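One structure below.
Below, chain A is the first sequence line, B the second, and so on; all start at residue 1. Remember, predicted model here, so these are calculated numbers, not experimental data.
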Amino acid sequence: MKNVLDSVLEEKHQGSFEFTAKDLKSGADVRWCAGCGDFSVLAQVQRIMPTLGIAKENIAVISGIGCSSRFPYYMDTYGMHTLHGRALAIASGLKIARPELSVWVATGDGDCMSIGGNHFIHAARRNVNMNVLMFNNGIYSLTKGQYSPLSLKGQITKSSPLGVLDDPFNASALALGAGSSFVARSYDKDAKLMKVVLERAARHNGFAFVEIYSNCVIFNDGAYDGYTTKENRFDNTVNLEHGMPLVFGKDLEKGIKLDGFRPTVVSLTDGKHSKDDLLIHDEADTTLAAILADMTYNPTVPQPMGVFHAVDRTPYDQRTTEQLEHYAIQPGAGDMNALLKGNDSWEIK
Amino acid sequence: MKNVLDSVLEEKHQGSFEFTAKDLKSGADVRWCAGCGDFSVLAQVQRIMPTLGIAKENIAVISGIGCSSRFPYYMDTYGMHTLHGRALAIASGLKIARPELSVWVATGDGDCMSIGGNHFIHAARRNVNMNVLMFNNGIYSLTKGQYSPLSLKGQITKSSPLGVLDDPFNASALALGAGSSFVARSYDKDAKLMKVVLERAARHNGFAFVEIYSNCVIFNDGAYDGYTTKENRFDNTVNLEHGMPLVFGKDLEKGIKLDGFRPTVVSLTDGKHSKDDLLIHDEADTTLAAILADMTYNPTVPQPMGVFHAVDRTPYDQRTTEQLEHYAIQPGAGDMNALLKGNDSWEIK
Amino acid sequence: MEKQEKYLDGLTIRFAGDSGDGMQLSGTQFSNTSGAMGNYVNTFPDYPAEIRAPEGTLYGVSAYQIQIATKEISTFGAFIDVLVAMNASSLKVSLPKLSKGAVIIANESGFGAKNLKLAEYETNPLEDGSLSDFEVHSVPIVETMKEVCADLEMSPKFIERTKNLFALGIVYALYSRDSEHTIKWLNEKFGKKPVVLDANLRALKKGMEYTAVNDEFTTIYKVEKSEVEPGFYRNITGNEAAALGLVIAANRANMHLFLGSYPITPATEILHFISGYKKHGVKHLQAEDEIAGLTSAIGASFGGYLAATTTSGPGLSLKVEAMGLACILELPLVIIDVQRAGPSTGIPTKPEQTDLLMAMYGRHGDAPIPIVAATDAADCFNMTIEAARIALKYMTPVILLTDGYIAQGTNAFKVPHIEDIPEMSPTFATDPETYQSYKRDPETLARMWAVPGTQGLEHRIGGLEKEDITGNVSSDSENHQLMTNLRQAKVDGIAKDIPLLQVHGEQSGDLLILGWGGTYGAIKDAWNDLRCDGKVVSRAHLKYLNPFPANIEEVLNNFDRVLIPELNMGDLKMMIQGKFLKRIIGLNRVDGLPLQTNVVYNKVVELLESKEG
Amino acid sequence: MEKQEKYLDGLTIRFAGDSGDGMQLSGTQFSNTSGAMGNYVNTFPDYPAEIRAPEGTLYGVSAYQIQIATKEISTFGAFIDVLVAMNASSLKVSLPKLSKGAVIIANESGFGAKNLKLAEYETNPLEDGSLSDFEVHSVPIVETMKEVCADLEMSPKFIERTKNLFALGIVYALYSRDSEHTIKWLNEKFGKKPVVLDANLRALKKGMEYTAVNDEFTTIYKVEKSEVEPGFYRNITGNEAAALGLVIAANRANMHLFLGSYPITPATEILHFISGYKKHGVKHLQAEDEIAGLTSAIGASFGGYLAATTTSGPGLSLKVEAMGLACILELPLVIIDVQRAGPSTGIPTKPEQTDLLMAMYGRHGDAPIPIVAATDAADCFNMTIEAARIALKYMTPVILLTDGYIAQGTNAFKVPHIEDIPEMSPTFATDPETYQSYKRDPETLARMWAVPGTQGLEHRIGGLEKEDITGNVSSDSENHQLMTNLRQAKVDGIAKDIPLLQVHGEQSGDLLILGWGGTYGAIKDAWNDLRCDGKVVSRAHLKYLNPFPANIEEVLNNFDRVLIPELNMGDLKMMIQGKFLKRIIGLNRVDGLPLQTNVVYNKVVELLESKEG
Ligand SMILES: Cc1ncc(C[n+]2csc(CCOP(=O)(O)OP(=O)(O)O)c2C)c(N)n1
Ligand SMILES: Cc1ncc(C[n+]2csc(CCOP(=O)(O)OP(=O)(O)O)c2C)c(N)n1
Ligand code: SF4
Ligand code: SF4
Ligand SMILES: [Mg+2]
Ligand SMILES: [Mg+2]
């Protein structure tokens, strides 16, 4: 008899490739606070998905627990809202079982990097092919305002009324250290950048980690204003483009140059430096990725935005498939009677 | 009344500073297999501890579960053999409570980096002041030979009879990505290096991570022979020394030079290169540390051994102590009646 | 017009509005003021599930309900006598619970077209006659306050924020509440922001005036003072009480306190309070997850601290393995579980009692752990101290079960003097000659406790079975049986050291209502009502679940029938039947609500009539 | 000298030596050969706790025990009739279990000075007369083999390794075992290493000769063929049977299989076997921990796979939270727990039945999950398939409890033909018109299952309480009660779909022995002995623990007294008393051993004499 899953998929899966952002809206009321940064991620995800050439019914969105983890409920795709911290392990199982699906994970800074840290590093290491959107608002919002591993030292929160004592993770450094084959960053207030980054993540064949600065208007309002507002973003962020020098500023009048391994800001207008002196972005270079990640908490340089790192490495799910395909044509494959009998049986007549 | 802990410690803690390696042997039979690499770690730990200026009764060794995690039983110190993967969390609690203790963690590659991965990255991030000895034998030994996250791709083990599909972690890269303030590596077969590295770890004020290549003679025999045997170690490892160029080879006839960010081996005898061309080790440089970690799986260069990275950052436990000390002299400190009454009470007469 | 005066036995009032409307503040002040005036009080805050749901929506209503009375009461009131409704949605969701003839104070500006639409009203209920069963006062709060504060340098938005105090003023005057307590509190709170203080004081005053001068209000009500024991009081939530309990327990044991915890609703506030107690020397770690919450506490306990962890159901599920370790290590630990509606994420904001069997049996291997439970908010203080006492005396983890209802609700807490709380005297071994890590006190069966830093007592403990007395690793057959028996005997032996189960009403007879934990208030109030109505029924309440009080079997056998109301599908019923083979009548509800007094009342009446059982 | 011939009903033989001595191989061959010769067989390997303890030590002994018999037997034998002892330590640890007059085959070279010292013998027991109660044969195995293999290009170390086959040869000849099966097996195994093959064949042959020519052996024994049903047989461990069961269940359900697992003794072998089944299309993930083991399986189940996870106690404790999620998601899952001695790390290599109450109640919230248990190694195959059947038919996780004893021991498994195993027919929803994620089959109460990739059935599920039928998130009171009831009713309803509890012996009367799971063999053998001895006692064995078989209450009530022997402190006793209020007599042992036949026998005799209960 035919495998039930295979036959359902053959029959029922003609492929709904023609759909719009609107078709991705589930009926559920979006219950984020007015002004929450998470809305802008939702909007861009809904905008790019129809352009990826993936059938709508082949999309699955898995999340943990948190404000941001409500994400799947707002998407008219297959979805699962799971346990705090476990989204990546569940998504890994789904993707390994069903490599043809486009698997997305919506997770918070607490969900992903506090309780979920172990699954995060292992999914990155294995390079399970999925797109991980980490909504970093620097706080635990759903539980009403405790610090997260991405809150800043000294930050006053409900569980640190006297200031956080922890040093935060550097999210991209952690992802790189764990072996993530794609590491990027964007933020709620720049729809264009978000769209580009999400598209790149979606098209990456492997584990794609996107850290998204998302403003929580209630418990950590303005945490990223220093980089993300219209006034600040030109001077305090630098958009990365593969093969291009790191320039920034309203009129692209500044650049980043390496002093040894140390990135420093130089002016392109004082006549001392030109674009040729600048650091050229190379998505494939691991060391450069580490340098970029390191800029995160370095107040003397702007925050990199965009794709830090992207390399090709066969995803774990694909290796599994290939291994099974290889063995499926070996002699005896699928012979259940031989399997049952084993290699040390006897017959009683 | 006096705090019971404080009074016991005051009374009973005259400080046993005069003790020897032999005093550190507990009565228990060491039940590792003959030839197990773990013996050499035990020997060096027992050798250096008496030299650290720490009272014997102030040493605590915490472990998870695994062959290597039997370590505390063999040490006549305070010790706890806990749960698989949880040693670092337990040790963190102990160290925060009792910052005056010298806390050591014995853990395996599975214990630390598979099930215990989350506690590992968080303890590193918080910089809890302890010495973590990760016995990396590239295998789960106690459970008789399954692959670990540090087993190599393709490795045949009991749970990968057709070869491991995972990519392994790069342990030092992960530690660095998580923010570890001290990262080092040594191996069972070089007692001198081990001693130096362990001493450095012990003296580091913060989270000290030491990866130790330890040969499991039963389930992964010879895994590190390519670097660690007398024949191979000169050509295939390079010992790091702060401020010194990276030279290696039996007669120190080779060196490592950077091509951009890429380390390459050069000869010091062919007249083309001298020591001045070589990479100078700087323990404080994060980017360099990343480059060194990256050499682990790079077959064209030797494996770095010794201290990759060491920087000063106030440990979490110390911050906690300082915060408490600061608040302990604030008005109302310790006033239990005021605490009980709160600030919105009333009196019924 | 001269107003009439009328005396009430008590009343239930509900302040309802948007999350931003300050209803929690009004409620707290009404409650504390009533407490200060010598009434019994009991409250419950009712937050929306969403952090900040869109303004004016039905699911965004935030409320605070208070029952005050002259006689002792233990619940926040089943039916609402007075509703303060800041907008249309808050009226709508509260309506089903209004008692006949209830007073409604409506904030007029919250009933505009937009608000009505969000509340899914076709017509304005304040005007369409649909509220004719009630006494409705539609008050132009916002307009009035704009006038009153015209001279202040304050934006209209900020002025509007005073509307909760205006509403409070109205009900203060209407129910003859003394404004002094609130005025004092406002002065302390806003002392550094004189303009805000001024506006708030004006609002309160203006609200009181509004009642006084307005002829709509024909009657002024009074609630007579109760026979409350003299002393200092405060309203306290169960979570704050538990946090206090931890600090005080450590103090009375002359120990340092360590809390390892991970945030989870509805337990997080314990962590919040503890994190603010730095000046009392409390150490804590907000851990990376619940496993680290408990295991870090195990580390601290090994180090000689009074160590604790706090959580709710999903977190308790994660701590299972580490609880087993704590059991075999025989180290003292306090584990507080604030139960919420499951399974899985369930309904995080709602209370249940569905973790009892898990607390009892939810570990691999035979791993007995004592369990205690708190009856109400203030009792969380007592039972936290009691959990610590048992933990330290018997060298064992102890689980304290509270629930989302008592943890977030409040009742009045009689503030004890620190000296009146008994001291505990844990001791650490110091003598290398006599120390053995699993040598036991013959009385309590507690093993000896030696802490790192003590010279000559170096030893190892761990999760492997250990040899009796020496604590060495052992896989010996007889030893394993012996250690299993000893661990069980130690826990069983605690029964000698806890209060007997007290029966209220006849000591034997037909029907006993047996409750446990946070259903105390509802059962007590129901029982009071039943007794007032002449019903012959007794009640008893369990705060010790493992072991049970020594006389429980006797109590059970003194009654023909035993009714156990609980917010689960029969956890305690199972335990009692399984242990004592006494058939139990279950009253089991998992509807996300605290136990309702009338549900208990009706069930008992039904039983008394039917003789079923 | 002509040897005598003697017929035996059966015998128990134990091969004991160092880890490296190949005792597991000898045991397996003796067992398989006996099976092939038509005897009933039952075996148990007895590994040391240490990986490779120092050679010759008492704690380093590795053994393999086999009982063979003409009549059906279900345990590996309480007393040893024949001991093969490769060294002094292996003799010493085995002595207490030797039956009177037992035959001892001792490897002479294992009794040198060093070995004696390690075994803590002052004098050589082979020579000092202390073994006079036994029939001792001290055999120069190593010397003989060195001679026999002198012409082979083989190091002495390798030659020595053949000593297990030499010993096997001795007992083959002594107990008239046919060497054909082993010769065939050796040929297959060492076909590619002709020298090794040759040496091993010589050893086997030489051993047989040794018995034949040696006058010490006066008698040759025979064990008559049993009335074994014709067909193919193999010896199988419970772990291999469970692994096979998973693959076969998926095959019969026409589904793909996914296993998410993390290694843990004594469950790891299931993962080992599965990881070798790649050519049968099996997917698996060796996860980073047990939580990911189960949650990855949940992901695969959401994707339309038959998904499973395998573990032992500590791992089950870690899976608790995810089991709650699986329960509320109502996705099919097979969770296999190979129970071992707890609490905590406990004694990892020893069996227990102490996870039953945890499997039943160990989750926060009301989260019912069906539980089944296997009776012996071969039954692990059946019950794995049964767990999968229930999971798929009822859309629920199912827990299968086995234990370290049946998981690692073997008995003969009658190899079924794949076509003879019933098919299962899970169905996936496909119609967007009628699909609703929590619409239920009226018969089974299973919800509809739609898999990603199916056009038009996009939907969301999760851990929050969901609305009946639609599956939308709901915090409605009545709905939560309804869903709680439905989840329970679904599990309870499975009782209609499982076999009734069968009573062996009288169907009613004084005493029933009620067992569950892996104590089956011991209870059955004890009961057989009791019946032979004319005792009036019945027995029944539970393989379904939640729900219980539909007739269980009736069965219980048909007996005055019920004895439950179990390897815990009273888990099933608690469940039965709690549910049926039937007083149970417990026979509870946690001594790290499988249940002993004589313990059951003696307890029953005692009960029959005393009428206690
Ligand atoms: C096991 C478990 N522990 C704790 C919680 C409580 N909890 C829910 S969400 C959350 C943190 C949310 O923070 P984040 O992941 O940053 O998401 P955000 O709400 O900020 O988007 C916590 C601690 C839970 N639901 N389950
Ligand atoms: C919760 C839990 N899961 C699994 C195990 C089984 N287990 C014990 S040790 C171990 C792995 C050991 O590997 P490693 O940490 O590398 O230590 P090694 O034995 O190689 O020194 C495992 C899987 C356990 N004891 N507890
Ligand atoms: S609380 Fe913060 S993160 Fe949550 S929905 Fe509101 S703004 Fe967004
Ligand atoms: S099995 Fe391996 S790691 Fe374990 S003790 Fe033996 S050699 Fe060492
Ligand atoms: Mg967050
Ligand atoms: Mg290892």
A:Lys257 atom NZ: more than 12 heavy-atom contacts under 6.0 Å: yes

Aromatic plane relationship, B:Phe261 with A:Phe261 - under 30° parallel, 30 to 60° tilted, over 60° perpendicular: tilted

Side-chain heavy atoms of B:Ile121 within contact of A:Phe169, under 4.5 Å: yes

Short side-chain to backbone donor-acceptor contact, B:Asn170 and A:Gly177, under 3.5 Å: no

Contact class of B:Ala178 relative to chain A, heavy atoms under 4.5 angstrom: both

Shortest non-hydrogen contact from B:Ser114 toward A:His122: O-NE2, 3.4 Å

Side chain / backbone / both / neither for B:Leu174 at chain A, heavy atoms under 4.5 Å: both

B:Ile115 versus A:Asn118, closest heavy-atom pair with distance: O-ND2, 3.5 Å

Heavy-atom proximity to chain B below 4.5 Å, by part of A:Leu258: side chain

Shortest non-hydrogen contact between B:Tyr316 and A:Leu165, atoms and distance: CE1-CB, 3.8 Å

Interchain contact, B:Asp285 with chain A, by part (heavy-atom threshold 4.5 Å): side chain

A:Lys153 atom NZ, over 12 foreign heavy atoms within 6.0 Å: yes

Within residues 325-336 of chain A, residues adjacent to chain B where the heavy-atom gap is under 4.5 Å: A:Tyr327

Pick from A:Thr286, A:Asp294, A:Leu162, A:Asn127 with the largest number of heavy-atom pairs that fall under 4.5 Å of chain B: A:Leu162

Greater than 12 external heavy atoms within 6.0 Å of A:Asn343's CG: no

Smallest separation among heavy atoms of A:Asp166 and B:Arg319, with atom names: C-NH1, 3.8 Å

Most contacts with chain A, counted as non-hydrogen pairs under 4.5 angstrom, among B:Ala173, B:Gly179, B:Ala290: B:Ala173

Flag if over 12 foreign heavy atoms under 6.0 Å of CD, A:Glu241: no

Side chain proximity check, B:Pro149 to A:Arg125, heavy atoms < 4.5 angstrom: yes

Under 4.5 Å from any heavy atom of chain B - which part of A:Ser172: neither

Short N-O contact, A:Asp167 and B:Arg313, less than 4.0 angstrom: yes

